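In what follows, a single structure is set out as structure tokens and then discussed.
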Amino acid sequence: MHMHYFTIEQRETLQAQLQARAAALREEIAAALRASGKPEAIGLANHLDEIDDDAVADLETSLDVAALERDVRELRETEGALRRLHTPEYGVCAECGAEIPFARLHANPAAARCLACQARLEHAQSAPRSR
Ligand SMILES: [Zn+2]
């Protein structure tokens with residue numbers, strides 16, 4: 001199987017970035033849930049390992065659910081990347097199998113696809129995303 005060879009320093013850099021991002025997202029999500037003052041939301045804040053889009057969608061609150069769902073999705077992607085980081089899958093495009101350049105991963109360590117495949121996917125969905 002094809003795999004991406006990173007230096008130890010590169011892998012450690014990406015790991016630190018992913019861990020920092022996951023921690024920031026967890027804090028952001030928990031703060032937003034707690035700020036709602038709703039018991040279900042506060043309960044979710046204490047169980048972020050179980051949170052997903054459906055749980056967020058079920059909350060009938062004045063929360064910015066779309067923003068929260070975006071954060072939850074990014075948290076899941078970030079955690080997934082952390083799990084893959086030490087496997088041969090990490091840094092290899094999930095679509096075409098090409099190596100994702102370190103520069104792209106450095107900018108977005110949770111990236112699962114090369115730029116070309118990501119652009120094609122976003123074009124196919126034709127749902128404009130902010131990043
Ligand atoms: Zn690709």
Side-chain angles (χ1 to χ4, degrees):
M1 181 185 178
H2 181 78
M3 77 177 273
H4 200 317
Y5 293 94
F6 295 105
T7 66
I8 291 167
E9 289 78 7
Q10 285 176 328
R11 221 177 273 270
E12 280 175 353
T13 299
L14 294 169
Q15 181 162 358
Q17 282 182 269
L18 285 164
Q19 283 168 342
R21 188 66 191 138
L25 283 165
R26 282 169 167 275
E27 235 165 79
E28 216 172 287
I29 294 165
L33 288 169
R34 292 200 182 97
S36 75
K38 288 252 185 172
E40 322 83 276
I42 293 165
L44 267 183
N46 295 328
H47 295 93
L48 287 186
D49 290 331
E50 290 155 30
I51 198 168
D52 58 19
D53 285 1
D54 290 341
V56 173
D58 285 348
L59 290 173
E60 286 172 27
T61 73
S62 56
L63 283 171
D64 184 349
V65 169
L68 200 55
E69 282 179 343
R70 217 158 40 231
D71 282 351
V72 167
R73 216 162 327 160
E74 192 186 344
L75 177 61
R76 290 289 96 95
E77 285 168 12
T78 304
E79 288 172 338
L82 271 171
R83 276 194 298 274
R84 288 199 313 276
L85 186 63
H86 296 286
T87 73
E89 285 164 57
Y90 184 79
V92 176
C93 176
E95 301 290 327
C96 71
E99 283 190 10
I100 302 172
F102 178 73
R104 168 158 167 74
L105 291 167
H106 194 44
N108 178 11
R113 292 172 196 85
C114 71
L115 265 185
C117 289
Q118 186 65 39
R120 204 175 334 114
L121 193 80
E122 279 170 17
H123 185 71
Q125 289 172 341
S126 72
R129 290 188 60 179
S130 54
R131 60 181 198 100

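Reckoned from all heavy atoms, side chains included, excluding hydrogens, waters and symmetry mates. Just so it is clear, the model here is predicted, and its values are computed rather than measured.
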To the nearest 0.5 Å, how far apart are [atom1] in [X] and [atom2] in [Y]?
{"X": "Leu85", "Y": "Arg11", "atom1": "CG", "atom2": "CZ", "value": "6.0 Å"}
{"X": "Gln118", "Y": "Cys93", "atom1": "CD", "atom2": "SG", "value": "8.5 Å"}
{"X": "Glu28", "Y": "Leu25", "atom1": "CD", "atom2": "CG", "value": "6.0 Å"}
{"X": "Glu74", "Y": "Glu79", "atom1": "CD", "atom2": "CD", "value": "11.0 Å"}
{"X": "Cys114", "Y": "Glu95", "atom1": "SG", "atom2": "CD", "value": "8.5 Å"}

For Glu27, look at atom CD and say whether over 12 heavy atoms of other residues, nucleotides or ligands are found less than 6.0 Å away.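 12 or below, so no.
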
Can you list the steps and then say if Leu33 with Leu68 is a side chain to side chain contact (heavy atoms under 4.5 Å, CB included)? CA-CA 9 Å; Leu33 288 169; Leu68 200 55; 3.6 Å; yes

Taking all atoms of both residues into account, what is the closest heavy-atom pair of [X] and [Y], and its distance?
{"X": "Ala41", "Y": "Ser36", "result": "CB-OG, 3.1 Å"}
{"X": "Arg84", "Y": "Ala111", "result": "NH2-O, 4.1 Å"}
{"X": "Ala81", "Y": "Ala110", "result": "CB-CA, 3.8 Å"}

For a side chain to side chain contact (heavy atoms under 4.5 Å, CB included) check, start with the C-alpha distance between Phe6 and Leu105, then their side-chain angles and the critical distance, and finish with the verdict. CA-CA 11 Å; Phe6 295 105; Leu105 291 167; 3.4 Å; yes

Glu89 vs Arg83, side chain to side chain contact (heavy atoms under 4.5 Å, CB included): CA-CA, chis, key distance, verdict: CA-CA 10 Å; Glu89 285 164 57; Arg83 276 194 298 274; over 6 Å; no

If you measure only the distance, is there a donor-acceptor pair under 3.5 Å linking the side chains of Asn46 and Arg34?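 The answer is yes; a qualifying pair exists.
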
Less than 4.0 angstrom from a charged side-chain N to a carboxylate O is my criterion; do Arg26 and Asp49 meet it?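 The answer is yes: the pair qualifies as a salt bridge.
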
If you look only at distance, which donor and acceptor atoms sit under 3.5 Å apart when one is on a side chain in residues 12-20 and the other is two or more places apart or in another chain?
unit_1	atom_1	unit_2	atom_2	d
Thr13	OG1	Glu9	O	2.8
Gln15	OE1	His86	NE2	3.1
Gln17	OE1	His106	ND1	2.9
Gln17	NE2	His106	O	2.7

Do Glu77 and Arg21 make a side-chain contact, defined as non-hydrogen atoms from C-beta onward lying under 4.5 Å apart?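 SC-SC contact between Glu77 and Arg21 ruled out.
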
Taking the side chain as everything from C-beta on, heavy atoms only, tell me whether Ile100 gets closer than 4.5 Å to Tyr90.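 They are not in contact (no side-chain heavy atoms under 4.5 Å apart), so the answer is no.
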
